[in-house]
Number of protein chains: 2
Amino acid sequence: MNDARPPQGAQAALRAVRLLKRFSIERPEMSLAELSKASGLNKTTTHRLLRALQSEALIDRNPATGAYCLGAGLMALGVQALASSDLRRRVRPVLRALARDSGETATLEVPVEDSMLILDEVAGRHVVGAAGNIGTRWPMHATSTGKAYLAFDDGCLERLSDKLHPLTPKTLTQREDFQAQIVDIRRRGFAMTVDELEDGFAAVATVIRGPLGDVQGALSIGGPTQRMDAARRAELGSVLCHAAMRLNPRF
Amino acid sequence: MNDARPPQGAQAALRAVRLLKRFSIERPEMSLAELSKASGLNKTTTHRLLRALQSEALIDRNPATGAYCLGAGLMALGVQALASSDLRRRVRPVLRALARDSGETATLEVPVEDSMLILDEVAGRHVVGAAGNIGTRWPMHATSTGKAYLAFDDGCLERLSDKLHPLTPKTLTQREDFQAQIVDIRRRGFAMTVDELEDGFAAVATVIRGPLGDVQGALSIGGPTQRMDAARRAELGSVLCHAAMRLNPRF
DNA sequence: CTGCGATGTTTCATATTATGGCACGAAGCG
DNA sequence: CGCTTCGTGCCATAATATGAAACATCGCAG
């Protein structure tokens with residue numbers, strides 16, 4: 001999880017970024033008034049910021065309705081970010097090996113705020129290069145990778161929001177239960193989710209460390225819960241730990 | 001091509017965005033000093049903006065070197081932009097049909113500044129869903145889609161930079177030659193590139209219009225120049241025009 | 001046709017906010 | 001060890017962003 005407290009003297013930039021983040025799958029288009037109200041900004045200010053973003057192609061408008069939406073420039077930047085990810089390049093072959101050997105789907109994820117973002121993905125059997133979920137995010141507290149982060153990245157756990165909202169009946173929502181699992185994870189070396197993120201889905205995960213011991217990302221292997229009994233999870237967990245170890249430049 | 005002149009009173013936001021855009025494939029990581037010099041901003045100002053961007057996860061830092069790079073938050077936003085693109089959803093089936101019928105690769109592109117950005121892509125034969133180029137950009141003056149835009153979007157041509165830099169020996173670099181082609185394109189209804197973008201690659205393209213007659217994007221079909229003689233280009237051109245017509249909600 | 005209520009847009013005086021010169025501490029290098 | 005170059009913090013200045021209010025459009029209903 002990244003630190004960096006909000007700095008002084010760049011509020012306009014911050015507000016602009018926050019405006020961009022207000023868009024979601026459910027609300028891909030918003031009117032000026034909506035955006036203004038939702039972000040608590042003055043209508044004029046909102047308008048000015050949107051204009052600036054539009055001039056840089058990060059914001060676009062529906063020519064028919066005049067509604068604001070995310071622009072094509074963001075796509076370009078996003079792809080740029082993806083392409084220049086050194087981590088992704090380095091881990092890619094490992095991901096492929098994991099998917100091949102286990103037959104399940106392997107992912108590389110990084111934290112973004114309270115979520116884990118899928119940076120890369122290799123599906124197990126069937127579809128080979130399918131990367132349909134790259135760029136999507138899942139709540140940190142319900143994913144195996146998120147738990148791994150929380151357990152192994154210093155100070156990460158403290159920053160976790162107290163609101164652990166349930167995604168399934170099995171999702172952990174009590175801080176104490178969570179804390180207990182974290183202890184297990186630290187001892188075991190890898191984390192897991194069983195039906196906590198989505199019913200019928202289970203995964204194991206561990207973190208990747210850089211040369212300085214810093215946590216750079218998390219690896220996971222996941223599939224249908226039926227194929228993921230305790231024994232299989234343990235086996236995949238150790239495979240994962242081995243892979244993560246070999247990714248550390250110190251070894 | 002989008003209008004929207006740079007507004008007043010949002011310079012901080014503009015500067016922040018411009019900082020993000022300074023990163024490229026060649027320079028995925030930059031130091032504070034480099035960024036500061038390259039963007040002409042004061043070192044302190046640059047630092048403050050980067051901090052703000054980092055706190056929103058749009059900027060990340062290499063923990064070993066301290067160098068700045070694009071952050072994971074940008075990926076999330078980019079994917080968001082892609083997913084919420086109504087145009088893409090609408091055109092997707094048409095793209096598939098074009099690729100299937102022609103056997104060549106079909107793309108949907110939109111303008112971003114002086115480039116055309118690939119919003120969606122369906123490959124012809126072999127690899128079916130391969131979308132390896134989504135999000136990449138090509139100079140407007142050397143692509144078939146770019147030429148289509150320049151010919152059919154009002155005021156677009158005037159905004160074209162005077163600097164037409166060559167990508168191959170065949171790239172048009174003289175404004176007069178270009179102007180002449182534009183006339184042809186307008187009459188013909190579709191544009192083409194033959195070895196102008198990359199040697200051995202040819203494509204035809206036309207624009208998609210919205211209900212108000214506004215240009216929303218451009219479609220292209222492209223492949224190896226050998227398979228793309230004049231007769232084939234004419235045939236594919238009319239196929240393309242037909243597809244574009246059917247995409248217009250008025251018909 | 002007319003008035004109402006909503007939208008997006010522009011203007012402008014105000015003071016909040018961003019700015020950049022300067023200085024400091026820490027690495028990296030000769 | 002001194003020199004350079006890096007990222008970072010401080011602070012007075014003024015340039016910049018801000019938000020109230022007014023304007024311009026549009027769709028809708030009386």
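By convention in this document, chain letters (A, B, ...) are assigned in the order of the sequence lines, proteins followed by strands, and residues within each chain are numbered from 1. The figures that follow rest on heavy atoms only: side chains count, while hydrogens, waters and symmetry mates do not.
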S.K.: CZ of B/Arg48 versus P of C/dG21: gap in Å, rounded?
M.R.: 12 Å

S.K.: What's the CD-P distance between A/Glu29 and C/dG8, to the nearest Å?
M.R.: 12 Å

S.K.: On DNA chain C, compare the nucleotides closest to A/Ala13 and A/Thr65; which residue's is nearer the 5' end?
M.R.: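 Closest to the 5' end, via its nearest nucleotide, is A/Thr65.
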
S.K.: So if I take every side-chain heavy atom of A/Tyr68 and compare against C/dT9, D/dA17, C/dC22, which nucleotide ends up nearest?
M.R.: C/dT9

S.K.: From the set C/dT7, C/dT9, D/dT8, return the single nucleotide nearest to any side-chain atom of A/Ala33.
M.R.: C/dT7

S.K.: Go through C/dG8, D/dT8, C/dA18 for me and flag the one nearest to the A/Gln11 side chain.
M.R.: C/dA18

S.K.: Side chain of B/Thr45 only, please: which of D/dG19, C/dT19, C/dT9 is the nearest?
M.R.: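 Selected nucleotide (nearest to the side chain): C/dT19.
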
S.K.: How about B/Cys69 and B/Asn62: do any of their side-chain heavy atoms sit closer than 4.5 Å?
M.R.: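 When only atoms from C-beta onward are counted, B/Asn62 and B/Cys69 do not touch, as no gap falls below 4.5 Å.
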
S.K.: Please state how far atom CG in A/Leu49 lies from atom P in C/dT17, giving the value in whole angstrom units.
M.R.: 13 Å

S.K.: Is the shortest side-chain N to carboxylate O distance from A/Arg92 to A/Asp120 below 4.0 Å?
M.R.: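 The answer is yes: the pair qualifies as a salt bridge.
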
S.K.: Rounded to whole angstroms, how far apart are CG on A/Asn42 and P on C/dT17?
M.R.: 13 Å

S.K.: Roughly, in whole Å, what's the span from CZ in B/Arg61 to C1' in D/dG7?
M.R.: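 Computing the B/Arg61:CZ to D/dG7:C1' distance gives 7 Å.
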
S.K.: Please report, rounded to the nearest Å, how far the P atom of C/dG8 is from the NZ atom of A/Lys37.
M.R.: 10 Å

S.K.: Check this for me, if you would: do A/Arg61 and A/Glu29 make a salt bridge, where the nitrogen-to-carboxylate-oxygen distance has to be below 4.0 angstrom?
M.R.: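 Answer for the salt bridge query: no.
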
S.K.: If each of A/Ala12 and A/Ala67 is mapped to the nucleotide of DNA chain C with the nearest heavy atom, which maps nearer the 5' terminus, i.e. the 5' end?
M.R.: A/Ala67

S.K.: OP1 or OP2 of D/dT8 sitting under 4.0 Å from any side-chain N/O of B/His47?
M.R.: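 Indeed, a polar side-chain atom of B/His47 lies that close.
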
S.K.: Compare the minimum distances between each of C/dG8, C/dT11, D/dG9 and the side chain of B/Arg51, then state the nucleotide with the smallest one.
M.R.: D/dG9

S.K.: Between the main-chain N or O of A/His165 and the side-chain N or O of A/His141, is there a donor-acceptor pair closer than 3.5 Å?
M.R.: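 Indeed, once roles are kept as given, a pair shorter than 3.5 Å links the two residues.
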
S.K.: In this structure, how many angstroms lie between the P atom of D/dT16 and the CG atom of B/Leu41, rounded?
M.R.: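 Going from B/Leu41 (CG) to D/dT16 (P), I get 12 Å.
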
S.K.: Would you mind reading off the distance between A/Leu32 atom CG and C/dT10 atom C1', rounded to a whole angstrom?
M.R.: 13 Å

S.K.: Which nucleotide in the list D/dG19, D/dG9, D/dT8 gets nearest to the side chain of A/Arg15?
M.R.: D/dG19

S.K.: Can you say whether a donor on the side chain of A/Ser31 sits under 3.5 Å from an acceptor on the base of C/dG8, or the other way round?
M.R.: no

S.K.: Tell me whether the NZ or CZ atom of A/Arg188 lies within the 45° cone about the ring axis of A/Phe190 and under 6.0 Å from its centre.
M.R.: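 Geometry flag: set, cation within 6.0 Å and 45°.
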
